[in-house]
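Reviewing the structure listed below.
Naming: A, B, ... by sequence-line order, numbering from 1 per chain.
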There are 2 protein chains.
Amino acid sequence: MQSPEGTLARFREYMVGPTRFMTLLSCFELGVIDALRDRPGMTAAELGAAVGAKPDPLEQLLLLLVKDGLVKYDDDSGGYALDALAGVEAADLRRALGYMNMIKVVALRQLFHLTDSVRTGIPVGLKELYGYEGTLYGAVAEHKDLRESWATLMDAVTARIDPWFFANIDIPPGARVLDLAGNTGLGAVNACKLKDSPGLRVTTFDLPEKEEECLRNFKAQAVDGQCSFIGGDVFDGVPKGFDVVLIKHFLDMFDKSDVLKILGAVGESLEVGGQVHIMVPVYPEKITDTDNYNVDFFPAFFIGCTMGQGGPQKLSTYQSWLEECGFTVTRAITKDPAEIPADVIPVPAILCATKTA
Amino acid sequence: MQSPEGTLARFREYMVGPTRFMTLLSCFELGVIDALRDRPGMTAAELGAAVGAKPDPLEQLLLLLVKDGLVKYDDDSGGYALDALAGVEAADLRRALGYMNMIKVVALRQLFHLTDSVRTGIPVGLKELYGYEGTLYGAVAEHKDLRESWATLMDAVTARIDPWFFANIDIPPGARVLDLAGNTGLGAVNACKLKDSPGLRVTTFDLPEKEEECLRNFKAQAVDGQCSFIGGDVFDGVPKGFDVVLIKHFLDMFDKSDVLKILGAVGESLEVGGQVHIMVPVYPEKITDTDNYNVDFFPAFFIGCTMGQGGPQKLSTYQSWLEECGFTVTRAITKDPAEIPADVIPVPAILCATKTA
């Protein structure tokens, strides 16, 4: 057990979390990092002129980046230059900044209301900040800032992670596939493009208001011949007549009782022998595994900022819940953390299961 | 230089800062920690009944505390108990939670506007969240939540740190002392009680609206015979007729140009031979010193949340600014970090100087 002093030092680490986060992001938002990439050696005064700010606050914010070795400072010239940041590829930085922007817009202020969100089961921050009563997934339709920040990230995540998902699941030729909570069709498009199963037909199932944009996407991606849309709410039942159901980025949004309702409804919609393929972030089996950051992020994010409930589970927990709902799990794999970029928080898993009962 | 992967992993550390902070604080706010102290071994369901919340979000939030060894979870019984948290004294926890509450109320949401605050030089978050145009030190007069959170912390900080300050400065018997920006008189009271100089007289100098509460405090503390109040703004000049000027927790609120104005005004108010005693948090001389967390906190805090400017400097910087203003520095000491509780962010220093020019 760590010493009381060690525990208090941990508290200090927690305390500087919000300021550290915004100090780093703000240096990017201000254009300071781009300016230093273009012209290494600028002084605070030169940086101030370049980005339109007083030199004093730039000096202050850059202290942390110097402390952390991201930027270096030359005492003699008073000039700054990129240090470790110079070695990071532009695409990697863009991905990391997409996450940081999403955390800033969708989470930072909302987290203030985490305790009330736990008590009430609704994301109180959305109501307090946007006057919105409902979840983030409804709020993004009405609030451009939330939508741009969240959708930009989710599209990037889907583009990065769907190839791994489709490479690891089996969809027989001619299968009729339902993409549960498939949003505006990106998953269906990826199924057609990444899974070259002859005769494959994919139906996106989501709330009716997604239909128009979804059908437009199918046309734009030239998959409208094999893709369709059904409007509905999973909690009112899942459409029948499908061989395979995909559930991606969805189960982690709900508490256990709702996950069991969803899996139960999927089970009812399938014939015996029907398949479900799930992709979801998972907690490590040993929760003290310090390499997995899902625990550091998702509970507060789902409960405080998006749903007022939810959060991932361990792979073994999802496995047992599937079995409770009449499925036999045929595959359960977690993505190798070594294959995930080091800035990316979610560690996803795939569960494949067959309806047997 | 760290590898690109190492740098991206640092970004991930920054990204989980806000959620980690609120996850820990929320477990206290919900009463989960107190409940576990009273009755170790409670399950999530029992905890939920005890604190008035669903078990699911409590399970989710506690994962981080289990990961970090603060709380332990027993797989067989499904029960939780305090782990490292059990070893922390109640007074230490209270102090840490005072800081965390202040960071939540005064900083968490406001930080969203850090970039705009840098660009405009005003704390934009106070305007966006409270409709307040001005600094935190004005906003606390109008907004009870800000005041309670901030004043509670500052009173605790003053009580803890003033004994060190007064033990390290020299105030001659009979000296007339001015406590610059002395707020509602706590510093003057402490000067009388901690500095048993015969004939000592202390005057609190601050904005006129502080007078009533200040004089009430002098009476309540039975120092009204030796303490008085002068209302005014330091940027309009410092009252003359004093031998010693105290400047505590103040210089770090301003950019260099304003610090020089303040020190200049103090210099003008003193006769040659007059003394100034300053207490202020300082950055380490070697900014990459990882033991000092001032850099992680204060820039974003002062610029984004309280002043729209400011932030501490190195001890050597304050020393050179004092000399620029006609003072000779006679003492410059930084508090030994080993004497500061491990959860406390500010590392304070004392500078004593004599007017010589």
Side-chain angles (χ1 to χ4, degrees), chain A residues 1-2 4-5 7-12 14-24 26 29-30 53 56-57 60-61 63-64 66-69 83-84 87-88 92 96 99-100 103 107-109 111-112 114-115 118-119 255-256 287-288 293 295-297 299-301 303 311 341-343 345, chain B residues 1-2 4-5 7-12 14-24 26 29-30 53 56-57 60-61 63-64 66-69 83-84 87-88 92 96 99-100 103 107-109 111-112 114-115 118-119 255-256 287-288 293 295-297 299-301 303 311 341-343 345:
Chain A
M1 198 169 89
Q2 68 190 348
E5 290 68 35
T7 304
L8 291 171
R10 290 297 299 157
F11 271 70
R12 188 177 53 183
Y14 281 88
M15 284 184 213
V16 295
T19 45
R20 289 177 64 87
F21 171 78
M22 271 312 301
T23 300
L24 177 61
S26 194
E29 290 183 344
L30 286 162
D56 306 61
Q60 287 279 334
L61 296 183
L63 287 167
L64 177 62
V66 172
K67 177 182 177 184
D68 262 1
D83 194 7
V88 181
D92 288 332
Y99 271 99
M100 291 188 79
I103 292 169
L108 185 65
R109 295 165 300 168
L111 285 169
F112 179 90
L114 177 59
T115 299
V118 169
R119 289 198 182 118
D255 284 351
K256 178 178 182 178
I287 217 71
T288 49
Y293 280 70
V295 157
D296 304 63
F297 180 71
F301 180 71
I303 297 164
D343 55 296
I345 296 167
Chain B
M1 198 169 91
Q2 69 189 347
E5 290 68 35
T7 305
L8 291 171
R10 289 298 299 158
F11 272 70
R12 187 177 53 185
Y14 281 89
M15 285 184 213
V16 296
T19 45
R20 289 176 64 86
F21 172 78
M22 270 312 301
T23 300
L24 177 61
S26 193
E29 290 182 344
L30 286 162
D56 306 63
Q60 287 279 333
L61 296 183
L63 287 167
L64 176 62
V66 172
K67 178 182 177 185
D68 263 0
D83 194 5
V88 181
D92 289 332
Y99 271 99
M100 293 187 78
I103 291 169
L108 185 66
R109 295 165 300 167
L111 285 168
F112 178 90
L114 177 59
T115 299
V118 169
R119 289 198 181 115
D255 285 350
K256 179 179 181 179
I287 217 70
T288 49
Y293 280 70
V295 156
D296 304 62
F297 180 70
F301 180 71
I303 298 164
D343 55 296
I345 296 167

Among [options], who wins on heavy-atom pairs under 4.5 Å with chain A?
| options | answer |
| --- | --- |
| B/T23, B/V66, B/L114 | B/L114 |
| B/G17, B/A342, B/P57 | B/A342 |
| B/A107, B/G69, B/G311 | B/G311 |
| B/A300, B/A53, B/A84 | B/A84 |

**Message:** Run the side chain to side chain contact (heavy atoms under 4.5 Å, CB included) test against B/D56 and tell me which residues pass, sequence neighbours left out.
**Reply:** A/D255, A/K256, B/K54

**Message:** Could you report the tightest heavy-atom contact between B/L108 and A/F112, atom names first, then the distance?
**Reply:** CD2-N, 3.6 Å

**Message:** For B/V295 versus A/K67, what's the shortest heavy-atom pair and its separation?
**Reply:** CG1-CD, 4.1 Å

**Derivation of the side-chain contact (heavy atoms from CB on, under 4.5 Å) call for A/Y14 and B/L64** = CA-CA 11 Å; A/Y14 281 88; B/L64 176 62; 3.7 Å; yes

**Prompt:** Is chain B contacted by the side chain of A/R20, its backbone, both, or neither, given a heavy-atom distance below 4.5 Å?
**Reply:** both

**Asked** Checking heavy atoms, do the side chain of A/I287, its backbone, both or neither come under 4.5 Å from chain B?
**Response** both

In Å and rounded to the nearest 0.5 Å, what is the [atom1] to [atom2] distance from [X] to [Y]?
| X | Y | atom1 | atom2 | answer |
| --- | --- | --- | --- | --- |
| B/Y99 | A/M15 | OH | CE | 8.0 Å |
| A/I345 | B/T19 | CD1 | OG1 | 6.5 Å |
| A/M22 | B/T115 | CE | OG1 | 4.5 Å |
| A/D83 | B/Q2 | CG | CD | 8.0 Å |
| A/T288 | B/L63 | OG1 | CG | 11.5 Å |

**Message:** For A/F297, give me all partners under ring pair (Phe, Tyr, Trp, His ring centres under 6.0 Å), at least two apart in sequence or on another chain.
**Reply:** A/F301

**Prompt:** Pick from A/A9, A/G87, A/P341: which one has the most heavy-atom pairs with chain B under 4.5 Å?
**Reply:** A/A9

**Item:** Interchain contact, B/L61 with chain A, by part (heavy-atom threshold 4.5 Å)
**Value:** both

